[in-house]
Structure formats: C-alpha cells, structure tokens
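Side-chain atoms are counted along with the backbone in the values below, which use heavy atoms only and exclude waters and symmetry mates. We count residues from 1, following the sequence as given.
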Amino acid sequence: MMKIADNTVVTIDYELKDEQGNVLDSSDGGSFAYLHGARNIVHGLEQALTGKSAGDQVSVAVLPEDGYGTRDDAKLQAVPRSMFPAGTDIQVGMQFHAEGPQGQVLMVTVASIDGDQITVDGNHPLAGVTLKFDVNVVEIREATKEEVDHGHVHGPGQTHHH
Ligand code: ZN
C-alpha cells in the first residue's frame, strides 16, 4: 500500500481546532489535495502525515513553532490613519496588505484604534496558536514531474496560471 512521502499528492479531509475546541478551518466535507514535502501545509502536520496510508486517521497537536510561528510583539506597529486608503471605515480585525522592510507583501490585521493612530499586527492570525488537526487520509498518488517542478498540485479544483 502506498505511503505518504515526499513528492506524493495527498488528498485529506481535515478539521482544525484551537486548544479551546473552536473550529478554525476545515475541508468542509470536501477534500483537500496538497503536494507532500513542498511545505504546502504547516510543517508539523506534514511531519505527522509522513508514512501514513489511505484510510488512516491522524489526530495531532501542532505547536506554534511547527505551525504558523510564535507571536512577535515587534510586529505590532502604530501607523497614522492617513496611511490607509482614503474613505476606508477602519475596524478592528480588518486585514490589509502592507509592504515589509524588504519590499515583500505582508498581511496585517488592525489590532486597535486610538483616534488617528491605528495599531496593526503583522503576525499571522494563527501565530502562537497550538493547532489541533483531525485528518482522514483519503487518497495518495505519485506527483507528476510538472507538479514537483511547480511545488504544488495540478488537477480539478486547482486554479492557477502557468
Ligand atoms: Zn503549476
């Protein structure tokens, strides 16, 4: 029986909860396919799935270091309201794209608002969260050479430009 290894395409059903049991994400009864070994999914889950077979059920708690990282308060930054697009009704929890120090695109979340001073948080929304995954392994197949070259899955339900 085929086992999950690098350069296999793995189809899973999954549910992701935090430590309090709140559902954060799920494949919602559908199936989610990813390329194993290509960091398409968080490292801790990828490690837990290595060597599993179709039909296996995996429950794993992934610590922040192996998930979306630990929280870094240095990523909280106060910026003037004038930095935001004019006319935007800024609310706590809204997300914006910002440019990082090396010109990379960052997603920031509005953490608090004090008059014209807006505090944004550049941490991933799931940074610092222990991720509890319940996974059913549905299907495993060899990746095509093209998929390995691209670092992601091709096929039904996958949309991207070539
Ligand atoms: Zn591609």
Side-chain angles (χ1 to χ4, degrees), residues 4 6-50 58-135 143 147-155 157-162:
I4 296 175
D6 286 356
N7 300 332
T8 56
V9 171
V10 184
T11 303
I12 57 175
D13 283 332
Y14 71 93
E15 189 168 70
L16 169 59
K17 293 182 189 145
D18 63 17
E19 282 184 296
Q20 289 73 43
N22 301 305
V23 177
L24 303 173
D25 189 19
S26 82
S27 53
D28 206 17
S31 293
F32 168 81
Y34 75 94
L35 176 63
H36 195 82
R39 293 293 186 107
N40 290 176
I41 61 173
V42 295
H43 183 57
L45 180 59
E46 195 161 63
Q47 277 190 317
L49 290 171
T50 299
V58 179
S59 293
V60 60
V62 174
L63 297 175
E65 306 87 84
D66 293 321
Y68 291 102
T70 52
R71 281 193 58 80
D72 179 1
D73 284 342
K75 292 181 180 173
L76 284 167
Q77 195 188 353
V79 294
R81 190 180 283 269
S82 59
M83 295 280 288
F84 291 84
T88 307
D89 179 23
I90 301 166
Q91 307 277 351
V92 171
M94 285 176 81
Q95 294 188 313
F96 291 90
H97 289 292
E99 195 169 295
Q102 277 89 46
Q104 73 274 38
V105 175
L106 298 175
M107 182 73 95
V108 300
T109 306
V110 175
S112 63
I113 301 170
D114 182 11
D116 278 340
Q117 182 169 285
I118 314 292
T119 300
V120 296
D121 185 352
N123 287 288
H124 189 284
L126 294 179
V129 175
T130 294
L131 308 167
K132 303 194 79 171
F133 285 99
D134 288 305
V135 179
E147 287 172 325
V148 173
D149 287 348
H150 285 209
H152 55 233
V153 173
H154 293 166
Q158 309 293 325
T159 52
H160 78 281
H161 301 286
H162 282 249

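- Here Arg39 pairs with nothing under the salt bridge (charged side-chain N to carboxylate O under 4.0 Å, His left out) rule; sequence neighbours left out.
- Checked options Asp25, Asp134, Asp28; the residue passing with Tyr14 is Asp25 (criterion: side chain to side chain donor-acceptor pair (under 3.5 Å)).
- With hydrogens and angles ignored, the 3.5 Å screen pairs no side-chain donor or acceptor of Glu46 with any backbone N or O of His36.
- Minimum interatomic distance between Thr130 and Ala61 (heavy atoms only, all atoms of both residues): CG2-CB, 4.2 Å.
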Give the C-alpha distance, both sets of side-chain angles, the deciding distance and a yes or no for side-chain contact (heavy atoms from CB on, under 4.5 Å) between Ile113 and Arg81. CA-CA 9 Å; Ile113 301 170; Arg81 190 180 283 269; 3.6 Å; yes
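- The shortest side-chain heavy-atom distance between Leu24 and Leu126 falls under the 4.5 Å cut-off.
- The side-chain heavy atoms of Asp116 and Pro80, taken from C-beta on, include no pair separated by under 4.5 Å.
- Considering OG1 of Thr109 and NE2 of His124, their distance stands at 9.0 Å, rounded to 0.5 Å.
- Nearest heavy atom pair, residue Gly151 against residue Ala38, reads O-CB, 3.7 Å.
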Go through the steps to decide whether Ile41 and Ile12 satisfy the test side-chain contact (heavy atoms from CB on, under 4.5 Å), and finish with yes or no. CA-CA 12 Å; Ile41 61 173; Ile12 57 175; 5.5 Å; no
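- Counting only distance, with no hydrogens or angles, the side chain of Asp66 and the backbone of His43 share no donor-acceptor pair below 3.5 Å.
- In this structure, Asp121 and Arg71 have side chains that are in contact, with non-hydrogen atoms separated by less than 4.5 Å.
- Counting heavy atoms from C-beta outward, His152 and Glu147 have side chains that stay 4.5 Å or more apart.
- Side chain of Asn40 to main chain of Leu35: a donor-acceptor pair is present (N/O by atom type, distance under 3.5 Å, no hydrogens or angles).
- Ser31 places no side-chain N or O within 3.5 Å of a backbone atom of Ser27 that could act as its donor or acceptor partner.
- The line from CG of Asp13 to CZ of Phe32 is 11.0 Å long, rounded to the nearest 0.5 Å.
- Asn123 approaches Ala127 most closely through the heavy-atom pair CB-CB, 4.1 Å.
- Looking only at side-chain heavy atoms (C-beta outward), Tyr68 and Val129 stay at 4.5 Å or farther from each other.
- With a 4.5 Å cut-off on side-chain heavy atoms, Asp114 and Thr119 do not count as touching.
- Not counting sequence neighbours, the partners of Val79 by the side-chain contact (heavy atoms from CB on, under 4.5 Å) test are Gln77, Met83, Phe84, Ile118, Val120.
- Using bins of under 30°, 30° to 60° and over 60° for the plane-to-plane angle, the ring pair His154/His150 lands in the perpendicular bin.
- Checked against side-chain contact (heavy atoms from CB on, under 4.5 Å), Thr70 has the following partners two or more places apart in sequence or in another chain: Pro64, Glu65.
- Contact check for Lys75 versus Leu106: no side-chain heavy atoms found under the 4.5 Å cut-off.
- Contact detail for Leu76 and Ala111: the closest heavy-atom pair is CD2-CB, 4.2 Å.
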Passes side-chain contact (heavy atoms from CB on, under 4.5 Å), Leu45 versus Leu131? Steps please. CA-CA 9 Å; Leu45 180 59; Leu131 308 167; over 6 Å; no
